[in-house]
Every structure is written in structure tokens, then in C-alpha cells.
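Notes for the one structure printed next.
Atoms considered below: every heavy atom in the structure, side chains included; atoms not considered: hydrogens, waters and symmetry mates. Chain naming here is simple, since letters A, B, ... match the order of the sequence lines and numbering starts at 1 in each.
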There are 2 protein chains.
Amino acid sequence: MPDPIHEIPPEKPKPDLPPTRERIVLAALRLFQEQGFTATGVSTILREAGVNSGSMYHYFDSKEDLLRACLQWYIEHLEPIVMAPQKAATPGDPVERIFTLLDWYRQGLVQMNCTLGCPVGNLALECSDQYPLVRELIDRNFENWAAEIERWLDEAGDRLPGDLDRKSLSKFVLTVMEGGVMQARAHKSIEPFDASVAVLRDYTDRLLVEAAAKKKSRGGSGGGKAR
Amino acid sequence: MPDPIHEIPPEKPKPDLPPTRERIVLAALRLFQEQGFTATGVSTILREAGVNSGSMYHYFDSKEDLLRACLQWYIEHLEPIVMAPQKAATPGDPVERIFTLLDWYRQGLVQMNCTLGCPVGNLALECSDQYPLVRELIDRNFENWAAEIERWLDEAGDRLPGDLDRKSLSKFVLTVMEGGVMQARAHKSIEPFDASVAVLRDYTDRLLVEAAAKKKSRGGSGGGKAR
DNA sequence: GTCTATAGAGTGATAGAC
DNA sequence: GTCTATCACTCTATAGAC
């Protein structure tokens with residue numbers, strides 16, 4: 001047996017599970033999405049996280065405080081989990097990237113057999129009226145989501161009409177996603193989601209065609225591709 | 001004192017409150033929309049309806065059964081409460097009627113200071129995964145809503161492009177309404193709802209212009225008005 | 001920081017008299 | 001068909017030892 005004092009310590013001396021607080025948040029994230037906030041009991045969260053009541057109330061003032069931590073988690077993970085993969089998949093075409101993003105939500109929905117849906121959207125309808133601080137965090141989630149889309153629309157430059165209201169359209173993309181997810185869950189089929197995205201595609205194509213035509217008539221280098 | 005036997009009975013011998021069952025449903029409709037299904041206790045429904053536990057469980061098997069009765073109520077009242085007023089307000093212009101309908105939802109939202117929202121949409125996200133029979137009724141609500149819009153789009157005839165996918169567009173209108181309501185509630189402002197409707201307006205205008213142009217090029221009587 | 005035990009209120013649902 | 005009373009649980013949150 002080697003002398004423990006001279007053992008070289010491993011780089012990660014703690015191969016532990018994530019710290020208690022994070023385990024609680026991760027369990028709550030999953031359960032709130034599966035069952036909703038009200039329908040999820042604190043005791044279930046504790047059991048799934050493998051944690052005791054005293055630990056949870058050490059880190060969080062209340063169940064609502066834990067919910068706020070979950071929404072903060074979504075804010076912090078929007079870029080790395082949701083947006084960055086789409087930028088990597090569609091680096092050169094910010095308009096097409098919007099549909100790559102919508103297809104990412106589509107895949108999640110299909111994978112879950114049209115259950116669960118958008119966790120923030122679910123909480124928006126369940127909790128916005130009753131918990132003002134929660135509503136603010138949901139709002140910030142939506143604002144950040146739409147702000148990213150708006151940057152993509154800006155990035156498209158003159159491929160889109162110059163007088164296009166990019167801020168409204170960015171919110172509209174979120175509207176299409178959330179509305180499509182809602183109907184897909186109710187219909188237990190991806191079809192209403194696809195139908196909604198197809199209409200958005202048609203609209204976008206018309207915007208691209210219009211911008212290309214104006215560019216051409218002004219003596220631009222040529223019409224861009226519509227897709 | 002007149003002889004009671006010869007008294008002419010009033011046409012409605014029962015000026016009573018609505019019968020017990022309906023009082024329960026009406027209270028539940030309101031509370032489920034205000035607080036959600038899970039967050040609403042049966043005891044609260046009973047108190048608000050002025051009814052005792054035994055009466056409720058005489059008419060309904062369970063709280064979920066009462067929820068199904070509420071969704072049935074929405075199905076039965078879609079036409080008289082939601083759709084008929086728009087047809088009366090915009091009898092000759094089925095395309096404009098869609099925006100009259102969206103403005104009807106807008107008014108409700110503004111009146112309630114951007115709370116409550118669409119009661120069926122709320123239940124869709126809260127209950128679709130957990131209660132299969134409830135999900136089916138929510139689906140039927142959405143189907144009927146979109147089917148009415150589709151009839152309006154059909155009614156518009158050649159004012160809209162002949163190759164337009166009217167079924168998809170009808171679902172899309174529902175998508176815009178629900179997605180706009182969700183963001184308005186989260187933002188506690190009507191602005192995201194208006195932004196979404198404005199984009200739908202722009203899209204619709206483009207469809208009308210395209211159909212009018214095609215009609216003209218085929219030698220029709222003239223271009224229709226874009227609004 | 002984590003443990004056990006429990007308070008105190010509320011949950012959906014039922015039994016049985018009237 | 002409506003009443004009261006109550007069952008058997010579950011809920012969120014806390015107290016206090018370790």
C-alpha cells in the first residue's frame with residue numbers, strides 16, 4: 001500500500017454527483033415540465049433528487065423560489081443548449097437557421113410522442129397570473145429568445161425587405177413555435193405544428209422574393225435564392 | 001285575494017337560479033381559468049357555486065369529470081359566444097372577419113389586464129399529457145375553432161390564391177392567437193399580441209394582392225381591395 | 001449542510017341520513 | 001337530489017438534533 005501522503009491527488013478529487021442544490025434544480029426542471037408546477041409535490045422532487053426536506057429549504061425559501069431557480073436555469077442555458085447548435089448547423093444562412101431551430105423543437109416533440117412541449121410556455125400559462133416574480137422570469141426567457149431571432153433577422157441584411165418590422169417578426173416566430181406546440185400536444189400529432197411552420201415558410205419565402213426583386217430592380221448583382 | 005286555482009301561471013314558474021349542475025359548471029369554468037385545474041380545489045368550486053359536496057358528486061364522477069363537462073360547455077358555446085358575433089360584425093368580408101375575431105380576443109385580454117387568456121389553451125398545456133379524455137375534448141375545441149376559420153377562408157373564394165392551403169392557414173390563425181396570448185400574459189402587455197397579429201395581417205395582405213393580381217391578369221373585373 | 005419528525009392546513013372523495 | 005360529517009391522504013413548510 002503506497003504512502004497516502006505522497007499519493008498524487010486526482011485532478012477531480014470529487015467525482016461526486018452534482019452538488020445538492022443542482023440535483024434539486026435538475027429534478028424540479030424535469031418534474032415541472034412533466035406534470036406542471038402545482039401538480040408536482042415537493043416530496044416528489046425530494047425523492048427524485050435523493051435529498052431531504054431540510055436540504056431543499058436550506059437552498060430555497062419555498063417551492064416558488066425553486067421554480068424561479070428553474071427559470072433562471074433556462075435563461076442561462078438558452079444560448080448553449082438551444083441557440084448555439086442551430087448557429088453551428090446553419091452558420092451562413094440566418095433565415096434558414098430559424099427553420100432549423102423550429103425543426104429542433106419539432107424533433108423534441110416527436111421524440112416525446114407530442115408530450116411535454118416547451119417548459120417555459122407551460123409555466124407561462126400556468127403561473128404568470130399567480131406569481132409576479134415568476135412571470136417576470138418567464139418574460140425574460142421569451143424576450144431573450146426573440147432577441148436572438150431578431151439578431152438573425154438583422155444578420156440576413158438586405159435578403160429581407162428593408163422596411164420589415166424585424167422586432168415583430170421575431171416575436172411572431174416564437175408565437176408560431178408556441179402555438180404549434182400547443183396544438184400538436186392537444187392533437188397528439190405533429191401535424192398542426194408542421195402546418196403552422198409551413199405557413200411561416202410561405203410567408204418568409206414571399207419576404208425573400210420581394211427583397212430580391214427590389215434589389216434587382218435597383219440594379220443589384222442578382223436575385224438571391226428563395227430557399 | 002284572487003282564487004289561486006284560477007290564477008294564470010307565469011310562463012316561467014321557476015325564476016330560480018340555474019339548476020345545480022349548471023351552477024357547478026359555471027363556477028368551475030371561472031375558477032379553472034383563473035387558477036388552473038390543479039390549483040383549484042373542489043371545496044372552492046363548491047363554495048363559489050353555493051353547493052355541497054354531495055350534490056357535486058351526484059352529477060360528476062370526479063373533479064376530472066367536471067373538467068370534461070367544462071370543455072363540453074366550451075364546445076357548445078363556441079358558435080354562439082365566440083363566432084356568431086364576428087359573423088354579425090363582419091358579414092360580407094370573411095377575411096376581415098378573422099381580424100375581427102382576433103380583436104375580440106384582444107379586447108378580452110386588455111379588459112383583464114393581460115391575465116386569464118384562452119381558457120382552453122391554458123388547459124391544453126396543463127392537462128393534455130395527464131388526462132387523455134380531457135386532451136380529446138381540448139383537441140375537439142381546437143378542431144372546431146379552426147374548422148370555422150377554414151369555412152371563412154373558403155367563403156373568401158378567389159379573393160385568396162386558389163392554391164392556398166386553407167386548412168393549414170386556419171390552424172395557423174389559431175397558432176397566432178394562442179402564441180400571442182401567451183406572450184401578452186408573460187409580458188403583461190398587449191404589445192406582443194399586437195405584433196403577432198400585425199405580421200399575420202401583412203401575410204394576409206400579400207395573399208390578397210397576389211390573388212387580385214392573378215385575377216386581373218386572367219381578365220377579371222378588377223383587383224379587389226387589399227383591406 | 002443534512003437528518004428525522006411533524007405541524008397545520010388542505011386534498012379529493014364517500015357514507016348515510018333526510 | 002341535497003345535507004352533514006368525515007375518511008384517508010397529501011400538501012408546503014418548519015423545528016431542532018447532529
Mind calculating the distance between [atom1] ([X]) and [atom2] ([N]) to the nearest angstrom?
X      : N       : atom1 : atom2 : result
Q35(B) : dG10(C) : CD    : C1'   : 14 Å
I24(B) : dC3(D)  : CD1   : C1'   : 14 Å
R47(B) : dT4(D)  : CZ    : P     : 16 Å
E64(A) : dC11(D) : CD    : C1'   : 16 Å
M56(B) : dC3(D)  : CE    : C1'   : 16 Å
L46(A) : dT2(C)  : CG    : P     : 12 Å
D65(A) : dT14(D) : CG    : P     : 12 Å
L67(A) : dC11(D) : CG    : C1'   : 17 Å

Between dG12(C), dG1(C), dT2(D), spot the one nearest the side chain of V42(B), thanks.
->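 Nucleotide nearest to V42(B)'s side chain: dG12(C).
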
S53(A) side-chain proximity, nearest of dC3(D), dG1(D), dT14(D) =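 Nucleotide nearest to S53(A)'s side chain: dT14(D).
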
Cationic N near anionic O, under 4.0 Å, E150(A) to R166(A) =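 Not counted as a salt bridge, because no side-chain N and carboxylate O are separated by less than 4.0 Å.
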
With a cut-off of less than 4.0 Å, is there a side-chain N or O of [X] near OP1 or OP2 of [N]?
X      : N       : value
T20(A) : dT2(C)  : yes
N52(B) : dC3(D)  : yes
Y57(A) : dA13(D) : yes
Y59(A) : dT2(C)  : yes
H58(B) : dG1(D)  : yes
S62(A) : dT12(D) : no
S43(B) : dG12(C) : no

5′-ward residue of the pair V51(B)/F37(A) relative to DNA chain D =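 Nearest nucleotide further toward 5': that of V51(B).
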
Does a donor on one side chain sit under 3.5 Å from an acceptor on the other, for E148(A) and N144(A)?
->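 The answer is no; no qualifying pair exists.
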
Which value, rounded to the nearest 0.5 Å, describes the distance between D65(A) atom CG and R68(A) atom CZ?
->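 The CZ atom of R68(A) is 4.5 Å from CG of D65(A), to the nearest 0.5 Å.
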
Scan G41(A) against the nucleic acid and name what it touches under 4.0 Å (heavy atoms): base, sugar-phosphate only, or nothing.
->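 Sugar-phosphate contact only - G41(A) comes under 4.0 Å of backbone atoms but never of a base.
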
With sugar-phosphate meaning primed atoms plus P, OP1 and OP2, does T40(B) contact a base, only sugar-phosphate, or nothing at under 4.0 Å between heavy atoms?
->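 It contacts sugar-phosphate atoms only.
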
Considering residues, nucleotides and ligands other than K87(B), do more than 12 of their heavy atoms fall under 6.0 Å from its NZ?
->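 Counting neighbours around NZ of K87(B), more than 12 heavy atoms of other residues, nucleotides or ligands fall under 6.0 Å, so yes.
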
Taking all non-hydrogen atoms of both residues into account, name the closest pair between H187(B) and P192(B) and its distance.
->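 H187(B) and P192(B) have their closest heavy atoms at CB-CG, 3.9 Å.
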
